[in-house]
S.K.: 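Got a structure for you, questions after.
Throughout, numbering of the chain's residues begins at 1 and tracks the sequence. Computed from a predicted model, the values in this text were never measured in an experiment.
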Amino acid sequence: MKNYVMTKNYKKAFRRLIICFVILVVISAVGIPLSLSQQIHDASVLKQQAALTSPDPTDNDDGHHYDAHHDEAWKSQITPLTAMNYVIIGAVIMLMGIWVILYWLTVVAWLYKSAAVAGMNLSLWAILGTFLNIFAVLAFWIVRDRPARA
């Protein structure tokens, strides 16, 4: 495992992580609204219908009146979520979680390798990377001793 960590190209690994993150964000930004298109349509129709009705004199200054009974009736008119909605949202959450774990471990491995190259305490930077992640990277950049290039 140590050889793998010490020989890995982290610039390439972070580039891949960024590409995966962008793809995951685009897929979730398209997939979730598409899966919820019926609910979005229902909500927009109900909002248009509410706008056509005459305003209630008991509305507050911003034109909104909160009525718990009306709120529940409004929610009951929206199509309930299907199993596929839950599957898509759950898959996106799971993929985001996997991405976060991969990112976190890549940062820890990069700190370990960079500390070894800089002749610093390997365990300290691996532990800091595990618990503080990006803050450990910032601290590493500040603390490491690099001679100025001529």
Side-chain angles (χ1 to χ4, degrees), residues 1-51 62-150:
M1 186 64 152
K2 184 176 180 179
N3 283 339
Y4 176 77
V5 170
M6 297 305 284
T7 59
K8 186 162 178 72
N9 181 351
Y10 289 99
K11 183 176 182 179
K12 190 175 181 180
F14 282 116
R15 191 175 303 133
R16 284 182 184 159
L17 279 172
I18 290 170
I19 290 169
C20 287
F21 180 74
V22 169
I23 290 169
L24 189 56
V25 166
V26 169
I27 288 172
S28 63
V30 171
I32 290 175
L34 279 176
S35 74
L36 297 174
S37 62
Q38 183 61 47
Q39 289 79 8
I40 293 169
H41 177 267
D42 292 347
S44 68
V45 167
L46 289 171
K47 185 175 181 181
Q48 289 172 356
Q49 288 174 352
D62 62 358
H64 293 91
H65 176 72
Y66 181 76
D67 180 11
H69 178 68
H70 177 70
D71 192 38
E72 288 301 318
W74 186 78
K75 286 181 184 177
S76 68
Q77 294 178 10
I78 295 178
T79 306
L81 295 178
T82 64
M84 187 55 71
N85 295 119
Y86 289 112
V87 167
I88 291 171
I89 294 168
V92 167
I93 290 170
M94 184 185 67
L95 289 172
M96 287 280 194
I98 291 170
W99 184 89
V100 167
I101 291 168
L102 287 174
Y103 162 78
W104 206 273
L105 293 174
T106 304
V107 168
V108 171
W110 176 82
L111 277 171
Y112 183 86
K113 179 182 177 182
S114 297
V117 169
M120 300 171 80
N121 187 336
L122 305 176
S123 300
L124 171 70
W125 289 105
I127 291 170
L128 288 175
T130 301
F131 293 107
L132 302 176
N133 208 275
I134 194 68
F135 298 111
V137 170
L138 295 173
F140 181 79
W141 285 339
I142 292 169
V143 172
R144 77 174 163 187
D145 185 27
R146 263 203 166 162
R149 294 184 181 175

S.K.: W99: which residues meet the ring pair (Phe, Tyr, Trp, His ring centres under 6.0 Å) condition with it, sequence neighbours left out?
M.R.: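 In terms of ring pair (Phe, Tyr, Trp, His ring centres under 6.0 Å), with neighbours along the sequence ignored, W99 is linked to F21, Y103.
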S.K.: For residues 22-30, run the donor-acceptor check on the side chains, cut-off 3.5 Å, and write out each pair with its distance to 0.1 Å, sequence neighbours left out.
M.R.:
residue, atom, partner, partner atom, Å
S28, OG, L24, O, 3.1
S28, OG, V25, O, 3.0

S.K.: Restricting to ring pair (Phe, Tyr, Trp, His ring centres under 6.0 Å), what partner residues turn up for Y86, sequence neighbours left out?
M.R.: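 Here no residue qualifies.
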S.K.: Can you tell me how far the CD1 atom of I88 sits from the CD1 atom of I93, to the nearest 0.5 Å?
M.R.: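 Nearest 0.5 Å value for the CD1-CD1 distance: 12.0 Å.
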S.K.: If you measure from CG on L128 to CG on L111, what distance do you get to the nearest 0.5 Å?
M.R.: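 If we round to the nearest 0.5 Å, L128:CG and L111:CG are 8.0 Å apart.
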S.K.: Locate the shortest heavy-atom distance separating A13 from T106; write the atom from each residue and the value.
M.R.: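 Closest pair (atom of A13, atom of T106, distance): CB-CG2, 4.2 Å.
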S.K.: To check you understand the geometry: which heavy-atom pair defines the closest contact between Q39 and P80, and what is its length?
M.R.: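 Residues Q39 and P80, closest heavy atoms: NE2-O, 3.2 Å.
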S.K.: How would you list all residue pairs meeting side-chain hydrogen bond (donor to acceptor under 3.5 Å, both in side chains) that involve residues 5-20, not counting sequence neighbours?
M.R.: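 For residues 5-20: Y4-K8.
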S.K.: Quick one: side-chain hydrogen bond (donor to acceptor under 3.5 Å, both in side chains) partners of Q38, sequence neighbours excluded?
M.R.: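 Scan of Q38 (side-chain hydrogen bond (donor to acceptor under 3.5 Å, both in side chains), adjacent residues dropped) gives D42.
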S.K.: In Å, rounded to the nearest 0.5 Å, how long is the span from CD1 of I89 to CE of M84?
M.R.: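 Result: 12.0 Å between the selected atoms.
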S.K.: Which value, rounded to the nearest 0.5 Å, describes the distance between I19 atom CD1 and F14 atom CZ?
M.R.: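 CZ of F14 is found 14.0 Å from CD1 of I19.
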S.K.: Run N85 and L36 through side-chain contact (heavy atoms from CB on, under 4.5 Å) and show every step you take.
M.R.: CA-CA 7 Å; N85 295 119; L36 297 174; 3.6 Å; yes
S.K.: Above 12 or not: heavy atoms from other molecules or residues under 6.0 Å from CZ of F135?
M.R.: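 Open.
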S.K.: Between atom CG of L105 and atom OH of Y112, what is the distance when rounded to the nearest 0.5 Å?
M.R.: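 It comes to 15.0 Å.
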S.K.: In Å and rounded to the nearest 0.5 Å, what is the CG to CE distance from L122 to M120?
M.R.: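 It comes to 10.0 Å.
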S.K.: Indicate the atoms forming the closest heavy-atom contact of A43 with I78, along with that distance.
M.R.: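 Minimum heavy-atom separation between A43 and I78: CB-CD1, 4.2 Å.
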S.K.: Tell me, which pairs form a side-chain hydrogen bond (donor to acceptor under 3.5 Å, both in side chains) where one or both residues lie in residues 114-131, sequence neighbours left out?
M.R.: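 Listed once each, the pairs are W110-S114.
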